[in-house]
J.: 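Handing you a structure now.
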Amino acid sequence: MTVRALFCGTPDFAVPSLDALCRLGYEVLVVTQPDRPRGRSRKLAPPPVKVRALDLGLPVLQPERLRDVMDDLRRFAPDIIVTAAYGKILSEAVLNLPRVGSVNVHASLLPRWRGAAPIQRALWAGDEQTGITLMEMVRDLDAGPILAQERVIIEPTDTAGSLHDKLARLGGEMCERYLPRYVAGELAPTPQPEDGVTYAEKLTREDEWIDWARSAGEIDRQVRALAPAPGASTALTTGEELKVLAGRPIDMEPFGEPGEVRPRGEGILVCCGAGVYEIAEVKPSGRRAMPAGAFWRGLREPSVRMKGGATGDR
């Protein structure tokens with residue numbers, strides 16, 4: 001008997017999990033968020049999951065509210081619901097639809113980093129590892145029992161972008177490995193431990209600002225956690241804002257106060273509260289990304305400093 005899977009997902013992260021359901025031979029109905037305005041033109045653009053679903057010839061629903069398509073979902077009569085970064089909480093009425101159950105593909109080792117930004121928060125906190133958790137869904141945020149977990153080492157050079165891609169691939173691989181066992185009743189859910197619960201709060205504009213009074217290591221984690229988007233932000237004493245896209249902490253004593261700058265080759269050295277951070281790539285406001293040294297050589301006032309900026313107590 002063919003398994004009917006209702007798949008709920010929206011961004012790039014969810015695409016490998018959708019592909020996995022198709023490789024398993026499941027009959028798939030896709031629910032994703034509506035097309036949204038994007039870019040400077042603000043033209044409507046489809047989410048990545050919709051684009052992939054249409055390529056695969058799958059039916060797609062894009063409701064603002066799931067309750068608006070409940071009749072369609074009931075007619076589909078899913079055996080299983082699989083969600084991956086859908087972006088909306090499923091109601092109890094939806095969770096009660098599948099014959100077997102509902103599974104979420106979550107980008108952390110639960111119970112650590114429940115919530116909206118687990119990849120970025122793991123990097124920012126300096127975690128040495130993260131992973132994917134397949135869990136049964138409940139109404140409480142990412143609190144359901146665990147079906148399977150697999151780990152990924154966080155490399156010193158990983159950014160949110162590179163770690164996202166690793167975890168997205170792993171999520172798809174785990175769906176292919178474990179969902180058939182779950183549908184067959186061969187996976188016993190394990191309650192999440194009560195100890196070790198942390199929450200991955202959604203990133204805010206305030207999170208983007210670099211405070212040069214912090215250590216070079218902290219700033220490095222912040223930059224990597226925000227790369228490639230939205231990017232960590234700083235500003236010159238002239239008022240010009242920059243996105244810091246890449247860099248690294250340097251093993252040297254600060255040569256001045258936090259925010260003091262010294263160009264070096266294609267980079268810019270910036271004194272921190274502890275240590276020195278070398279900026280490798282920047283994106284000036286309204287311009288394209290460029291090597292930090294090239295940007296600095298083009299300044300009319302090469303004696304400017306970096307302003308400090310509040311990032312919160314991180």
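Being a predicted model, the structure only gives us computed values, none of them experimental.
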J.: With a 4.5 Å limit on heavy-atom distance, are the side chains of M70 and R65 in contact?
T.: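 They are not in contact (no side-chain heavy atoms under 4.5 Å apart), so the answer is no.
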
J.: Flag the pair M306 / L236 as yes when at least one side-chain heavy-atom distance between them is below 4.5 Å, and no otherwise.
T.: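 Yes. Closest side-chain heavy atoms under 4.5 Å.
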
J.: So, taking the atom named CD1 in I80 and the one named CG in L179, what distance separates them when rounded to the nearest 0.5 Å?
T.: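 So the gap between those two atoms works out to 5.0 Å.
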
J.: If you count heavy atoms of other groups shown closer than 6.0 angstrom to CD of E186, is the number above 12?
T.: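 Buried by this count: over 12 neighbours within 6.0 Å.
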
J.: Are V103 and I81 close enough, and set up right, to give a side chain to side chain contact (heavy atoms under 4.5 Å, CB included), and what steps lead you there?
T.: CA-CA 6 Å; V103 177; I81 294 176; over 6 Å; no

J.: Specify the closest pair of heavy atoms between D35 and P46, including all atoms of both residues, with the distance to one decimal.
T.: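 Distance-wise, the nearest heavy atoms are OD1-CA, 3.3 Å.
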
J.: Give me the one residue out of R23, R181, R169 that meets salt bridge (Lys or Arg N to Asp or Glu O under 4.0 Å) with E176.
T.: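 That would be R23; it is the only one of R23, R181, R169 passing the salt bridge (Lys or Arg N to Asp or Glu O under 4.0 Å) with E176.
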
J.: For the residue pair D142 and N104, establish whether any side-chain heavy-atom pair is separated by less than 4.5 Å.
T.: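 In short, these two side chains touch, coming nearer than 4.5 Å.
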
J.: Taking it one step at a time, do R264 and I250 satisfy side chain to side chain contact (heavy atoms under 4.5 Å, CB included)?
T.: CA-CA 12 Å; R264 185 173 78 166; I250 299 295; 3.7 Å; yes

J.: Answer yes or no: is there a side-chain heavy-atom contact under 4.5 Å between P78 and R99?
T.: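 Heavy-atom side-chain distance check fails, nothing below 4.5 Å.
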
J.: Can you see which heavy atom on P189 is nearest to which on L147, and at what distance?
T.: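 For P189 versus L147, the nearest heavy atoms are CG-CD2, 3.8 Å.
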
J.: Same cluster for I132 and L24 if Ile/Leu/Val/Met/Phe/Trp/Tyr side chains link at under 4.5 Å?
T.: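 Yes, same cluster.
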
J.: Could you report the tightest heavy-atom contact between S91 and R139, atom names first, then the distance?
T.: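 S91 and R139 have their closest heavy atoms at C-CD, 4.1 Å.
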
J.: Among L29, V30, D72, exactly one meets side-chain contact (heavy atoms from CB on, under 4.5 Å) together with P59. Which residue is that?
T.: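 So the option named by the test is L29.
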
J.: For L90, run the side-chain contact (heavy atoms from CB on, under 4.5 Å) check against L66, L97, V138 and tell me which one passes.
T.: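 In the set L66, L97, V138, the residue that makes a side-chain contact (heavy atoms from CB on, under 4.5 Å) with L90 is L66.
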
J.: When you measure from the side chain of R221 to the backbone N and O of W124, does any donor-acceptor pair fall under 3.5 Å?
T.: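 The answer is yes, because a donor-acceptor pair under 3.5 Å joins these two groups.
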
J.: Would you check if there is a donor-acceptor pair between the side chains of T204 and D207 at a distance under 3.5 Å?
T.: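 A donor-acceptor contact under 3.5 Å links the two side chains.
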
J.: Should L54 and L21 be regarded as members of a common hydrophobic cluster, given that ILVMFWY residues are connected when their side-chain heavy atoms come within less than 4.5 Å of each other, either directly or indirectly?
T.: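 Looking at the clustering, L21 is in the same group as L54.
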
J.: What are the two closest non-hydrogen atoms of E155 and R224, and how far apart are they?
T.: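 Nearest heavy atoms, E155 then R224: O-NH1, 3.7 Å.
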
J.: Have a look at T234 and tell me which of I219, V282, D211, L242 forms a side-chain contact (heavy atoms from CB on, under 4.5 Å) with it.
T.: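 When side-chain contact (heavy atoms from CB on, under 4.5 Å) is applied between T234 and each of I219, V282, D211, L242, only L242 qualifies.
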
J.: Do L203 and R121 pass the side chain to side chain contact (heavy atoms under 4.5 Å, CB included) test, and can you show the C-alpha distance, the side-chain angles, and the key distance before you say yes or no?
T.: CA-CA 9 Å; L203 295 171; R121 296 303 181 188; 3.7 Å; yes

J.: Pairing donors with acceptors under 3.5 angstrom, does anything connect the side chains of K50 and Q62?
T.: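 Yes, side-chain donor-acceptor contact under 3.5 Å.
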
J.: Report yes if the side chains of V69 and F76 come closer than 4.5 Å at any heavy-atom pair, otherwise no.
T.: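 V69 does not reach F76 side chain to side chain.
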
J.: Side-chain contact, heavy-atom cut-off 4.5 Å: P47 with R38?
T.: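 When only atoms from C-beta onward are counted, R38 and P47 do touch, with a gap below 4.5 Å.
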
J.: Quick one: does any side-chain atom of R288 pair with a main-chain N or O of K283 as donor and acceptor, under 3.5 Å?
T.: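 Absent.
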
J.: Calculate, to the nearest 0.5 Å, the distance between atoms CG and CG belonging to D127 and L109 respectively.
T.: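 Interatomic distance, D127 CG to L109 CG, rounded to 0.5 Å: 9.0 Å.
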
J.: Can you tell if the side chain of F7 reaches within under 4.5 Å of the side chain of V31, non-hydrogen atoms only?
T.: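 The answer is no; the side chains never approach within 4.5 Å.
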
J.: Could you see if I279 belongs to whatever hydrophobic cluster contains F255? Use Ile, Leu, Val, Met, Phe, Trp, Tyr and a side-chain cutoff under 4.5 Å.
T.: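 No; tracing contacts between hydrophobic side chains, which count when under 4.5 Å, never links both residues.
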
J.: Could you tell me the separation between the OG1 atom of T83 and the CE atom of M137, rounded to the nearest 0.5 Å?
T.: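 So the OG1 of T83 and the CE of M137 are separated by 4.0 Å.
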
J.: So, do L163 and I154 sit near enough that their side-chain heavy atoms are less than 4.5 Å apart?
T.: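 Heavy-atom side-chain distance check passes, below 4.5 Å.
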
J.: Verify, without hydrogens or angle tests, whether D165 (side chain) and S162 (backbone) share a donor-acceptor contact under 3.5 angstrom.
T.: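 The answer is no, because no donor-acceptor pair under 3.5 Å joins these two groups.
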
J.: More than 12 heavy atoms of other residues, nucleotides or ligands under 6.0 Å from CD of Q129: is that the case?
T.: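 Atom CD in Q129 is crowded, with more than 12 foreign heavy atoms closer than 6.0 Å.
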
J.: May I ask you to decide if M135's main-chain N or O and T133's side chain share a donor-acceptor pair within less than 3.5 Å?
T.: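 Side chain of T133 to backbone of M135, a donor-acceptor pair under 3.5 Å: no, none is there.
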
J.: Under the criterion salt bridge (charged side-chain N to carboxylate O under 4.0 Å, His left out), I'd like the reasoning laid out for R297 against E266: C-alpha separation, chi angles, the key distance, then a yes or no.
T.: CA-CA 9 Å; R297 288 191 294 272; E266 290 304 311; 3.0 Å; yes

J.: Assess the side chains of Y178 and E150: does a donor N or O sit below 3.5 Å from an acceptor N or O?
T.: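 Looking only at side-chain atoms, E150 and Y178 do form a donor-acceptor pair, the distance falling under 3.5 Å.
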
J.: Q192 and A143: which non-hydrogen atoms are nearest, and at how many Å?
T.: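 So the two residues come closest at NE2-C, 3.3 Å.
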
J.: Heavy atoms only: give me the nearest S108-P118 pair and the separation to one decimal.
T.: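 Here S108 and P118 meet closest at CB-CB, 3.9 Å.
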
J.: Once you round to the nearest 0.5 Å, how far does OG1 of T190 lie from CD of E136?
T.: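 Going from OG1 on T190 over to CD on E136, the span is 10.0 Å.
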
J.: Would you mind listing every salt bridge (charged side-chain N to carboxylate O under 4.0 Å, His left out) that reaches into residues 231-256, with sequence neighbours excluded?
T.: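 Every pair satisfying salt bridge (charged side-chain N to carboxylate O under 4.0 Å, His left out) with a residue in residues 231-256: R205-E241, E208-K243, E240-R287, R248-E278.
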
J.: Spell out, yes or no, whether V105 and L187 are grouped together once hydrophobic residues are joined by side-chain heavy atoms under 4.5 Å, including indirect joins.
T.: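 Cluster IDs for V105 and L187 match.
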
J.: Determine whether a donor-acceptor pair (N or O, by modelled atom type, separation under 3.5 Å) exists between the side chain of Y277 and the backbone of D220.
T.: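 Side chain of Y277 to backbone of D220, a donor-acceptor pair under 3.5 Å: no, none is there.
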
J.: For I89, does the CD1 atom sit with more than 12 other heavy atoms under 6.0 Å from it, leaving out its own atoms?
T.: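 Atom CD1 in I89 is not packed in, count stays at 12 or less.
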
J.: How far apart are the C-alpha atoms of Q222 and R214, what are their side-chain angles, what is the distance that settles it, and do they pass the side chain to side chain donor-acceptor pair (under 3.5 Å) test?
T.: CA-CA 11 Å; Q222 179 185 5; R214 298 195 178 279; over 6 Å; no

J.: Between D158 and K166, is the closest basic N to carboxylate O distance under 4.0 Å?
T.: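 So K166 pairs with D158 through a salt bridge.
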
J.: For the CZ atom of F295 and the CE atom of M290, what is their distance to the nearest 0.5 Å?
T.: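 Reported to 0.5 Å precision, the distance equals 7.5 Å.
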
J.: Yes or no on side chain to side chain donor-acceptor pair (under 3.5 Å) for T130 and W113, after CA distance, side-chain angles and deciding distance?
T.: CA-CA 9 Å; T130 184; W113 302 129; over 6 Å; no

J.: Please check if the side chain of T32 supplies one atom and the backbone of G9 the other of a donor-acceptor pair under 3.5 Å.
T.: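 Yes, because the side chain of T32 sits within donor-acceptor range (under 3.5 Å) of the backbone of G9.
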
J.: Walk me through it: do C175 and L18 pass the test side chain to side chain contact (heavy atoms under 4.5 Å, CB included)?
T.: CA-CA 9 Å; C175 284; L18 174 59; over 6 Å; no

J.: Is it possible for you to check whether R4 lies under 6.0 Å from the centre of the six-membered ring of Y26, through NZ or CZ, and within 45° of that ring's axis?
T.: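 No; the conditions do not both hold, so R4 does not lie above the ring face of Y26.
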
J.: Does R151 reach the main-chain N or O of G131 with its side chain, forming a donor-acceptor pair under 3.5 Å?
T.: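 Looks like no, no N/O pair under 3.5 Å.
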
J.: Same cluster for L134 and V100 if Ile/Leu/Val/Met/Phe/Trp/Tyr side chains link at under 4.5 Å?
T.: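 Linked within one cluster.
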
J.: Kindly compute the distance separating OG (S17) from CZ (R52), expressed to the nearest 0.5 Å.
T.: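 Reported value, rounded in 0.5 Å steps: 12.5 Å.
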
